[in-house]
Amino acid sequence: MTRTADVVIIGGGVNGLACAYNLAKRGMQNIVVLERGYIGIGATGRCGAGIRQQWGLEENIILARESVRIFEQLSDEIGFNIFFRQGGYLILIFDEEEYQLVSKTIPLQNDLGVPTKMLTPGEIGDFVPGVNLDGLLGGAYCPTDGTAYPYAVLWGYGEAAKRRGVDIRVKTEVLSVSHHRDSGYEVVTADDTFRTPRIVNVAGAYTKNIAAMLGIDIPTQPHRHEIAVTESLKSFLEPMIISITKGFYFSQSLRGEIVGGIGDDNETPSFSTDSSPDFLFRYAASLRQTLPALGNVRIIRQWAGLYDMSPDARPIIGTVDDIEGYYHACGFSGHGFMLSPVVSQLLSELITTGSTSLPIDSLNLRRFSQGDLVKDPYVVG
Ligand SMILES: Cc1cc2nc3c(=O)[nH]c(=O)nc-3n(C[C@H](O)[C@H](O)[C@H](O)COP(=O)(O)OP(=O)(O)OC[C@H]3O[C@@H](n4cnc5c(N)ncnc54)[C@H](O)[C@@H]3O)c2cc1C
């Protein structure tokens, strides 16, 4: 059947559902979300749930800070408990160069309203029971960082969007997209063809593939990232623990499980979401080295998802020059969940008013043709 929509959103991950909600909240009608699998099948449902404002670039610090402000009241706003918990993030520092970098960046974070402070190894020992202090130079701690339950964020945004009339279709794959000067976009699925003046391409690691249907080249690459969960333990760990140089992260969930992962420098681009024993060995070793008491705890499940990697590990957000009615948000590497509340809000502003309340121009796709690339030194994995 041929249908019409005011906007078609491709991808029912956190960015798609949050964008649909924000557009509906701003009064847009006839919004359709097309998701080829189930809600949570993409990176969002597989992620580590971490939300941190400790970044090296002002742009990332501000976006993350604004997201935290939204997360703080999101459960009330959307009428759904997203289990947002501000247990903080503790970045363990084992390397002199990293210590200097973090020491220099904390004042910038503080100036931007993010209350990070440096902890000594002794203070870390008091804060994280059983942590191995060997080789530890210190740690950066921000108490307002935290975690939220990714499925609850997806369901919460999705239900709130539906209450505002958004049509969310699961098991509906977008097979092709074309643009026609007079009639706008034609989005084809197995059952229906949607005609619409605008599309939002938020298909996670597949955003690039959808864009290619319109002749748009997005230089992102999918990278498998593995993650694991242990049996439940009595609650003892408040912050999310990460190491930028060693590439690991873990936190304790509300159910008591230790959830975390570690990056792999040898991982080559692919759409594989297979699990590997190699990851288990490397992750278990880093966990055991950081918190030796976890050595006897059983890992009960492991899985993998895709990081959508841009060349500078910064997101790609906004419009594409000379292509009317097209919007996208992708290339989030390992931090798209934490940024989604503000990114979706900014996208909805851009779509409904043509401008945004925070600058996002530096995140436009055109930076790759202009060679304007800067990498945030706080990227993990
Ligand atoms: C192991 C792991 C750990 C992570 N940890 C964190 C973390 O701690 N904190 C953090 O902030 N981020 C983390 N991330 C990154 C984060 O998960 C992603 O950046 C974020 O979830 C991206 O959301 P999204 O909505 O853009 O994409 P997705 O959640 O991937 O959603 C895209 C959706 O598009 C759908 N789709 C694709 N093609 C089509 C098509 N043709 N038609 C219709 N639908 C289509 C997919 O099925 C998918 O559901 C992690 C990622 C992984 C893999």
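All residue numbers in this chain count up from 1 along the given sequence. Indexing begins at 1, ligand by ligand and atom by atom, following the structure's order.
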When the ring centroid of Phe250 is compared with that of Tyr283, is the distance short of 6.0 Å?
-> no

Asn22 and Ser344: side chain donor to acceptor below 3.5 Å | yes

Cut-off 3.5 Å, side chains only: do Tyr327 and Asn201 have a donor facing an acceptor?
-> no

Could you tell me if any non-hydrogen atom of Gly334 lies under 4.0 Å from any atom of ligand 1?
-> yes

For atom 28 (P) of ligand 1, what is the nearest protein heavy atom, given as residue, atom name and distance?
-> Ala43 N, 3.6 Å

Give the contacting part of Ala49 toward ligand 1: side chain, backbone, both or neither, where contact means a heavy-atom distance below 4.0 Å.
-> backbone

Non-hydrogen atom of Ile210 closer than 4.0 Å to ligand 1 = yes

Taking atom 40 (C) of ligand 1 as the reference point, the nearest protein heavy atom with its distance | Val174 N, 3.8 Å

Begin from the C-alpha positions of Asp312 and Lys375 and carry the test salt bridge (Lys or Arg N to Asp or Glu O under 4.0 Å) through to its verdict.
-> CA-CA 5 Å; Asp312 56 6; Lys375 198 165 178 175; over 6 Å; no

May I ask you to check whether over 12 heavy atoms, not counting those of Gln302, lie within 6.0 Å of atom CD?
-> yes

At what distance is the nearest protein heavy atom to atom 31 (O) of ligand 1, and which residue and atom is it?
-> Gly13 CA, 3.3 Å

Is the closest side-chain heavy-atom distance between Ile258 and Leu237 below 4.5 Å?
-> yes

Would you check the N or O atoms of Val14, main chain and side chain alike, for any that come under 3.5 Å of an N or O of ligand 1?
-> yes

How are the rings of Tyr151 and Tyr149 set to each other: parallel, tilted or perpendicular (split at 30° and 60°)?
-> tilted

Could you walk me through whether Arg366 and Asp361 pass the salt bridge (Lys or Arg N to Asp or Glu O under 4.0 Å) test, one step at a time?
-> CA-CA 9 Å; Arg366 81 175 75 83; Asp361 219 41; 3.6 Å; yes

Among protein heavy atoms, which lies nearest atom 27 (O) of ligand 1, and at what distance?
-> Gly204 CA, 3.4 Å

Honestly, for Phe337 the part within reach of ligand 1 (heavy atoms, under 4.0 Å) is both

Validation row, ring centre Phe337 to ring centre His335 under 6.0 Å | no

Would you tell me which option among Glu35, Met213, Arg224 has the nearest heavy-atom contact to atom 33 (C) of ligand 1?
-> Glu35

Within the 4.0 Å heavy-atom cut-off, what Thr172 brings close to ligand 1 is backbone

Should Tyr249 be listed as contacting ligand 1, given a heavy-atom distance under 4.0 Å as the test?
-> yes

Indicate, with yes or no, if the rings of Phe194 and Tyr185 have centres closer together than 6.0 Å.
-> no

Which residue owns the protein heavy atom closest to atom 11 (O) of ligand 1, what's the atom, and how far is it?
-> Met338 N, 2.6 Å

Of all protein heavy atoms, the one nearest atom 5 (N) of ligand 1 is Gly48 N, 2.9 Å

Which heavy atom of the protein is the closest neighbour of atom 52 (C) of ligand 1, given with residue, atom name and distance?
-> Tyr307 CE1, 3.4 Å

Contact region, Pro150 to ligand 1, non-hydrogen atoms below 4.0 Å, reads neither

Per atom 9 (N) of ligand 1, closest listed option by heavy atom (Ser340, Ala64, Gly50) = Gly50

Protein residue, atom and distance nearest to atom 26 (O) of ligand 1, heavy-atom basis = Asn15 ND2, 2.9 Å

Please assess Arg164 against Glu159 for the test salt bridge (Lys or Arg N to Asp or Glu O under 4.0 Å), listing each intermediate value before the final yes or no.
-> CA-CA 9 Å; Arg164 288 177 183 263; Glu159 290 306 311; over 6 Å; no

Ligand 1 versus Leu175: contacting region, heavy-atom distance under 4.0 Å = neither

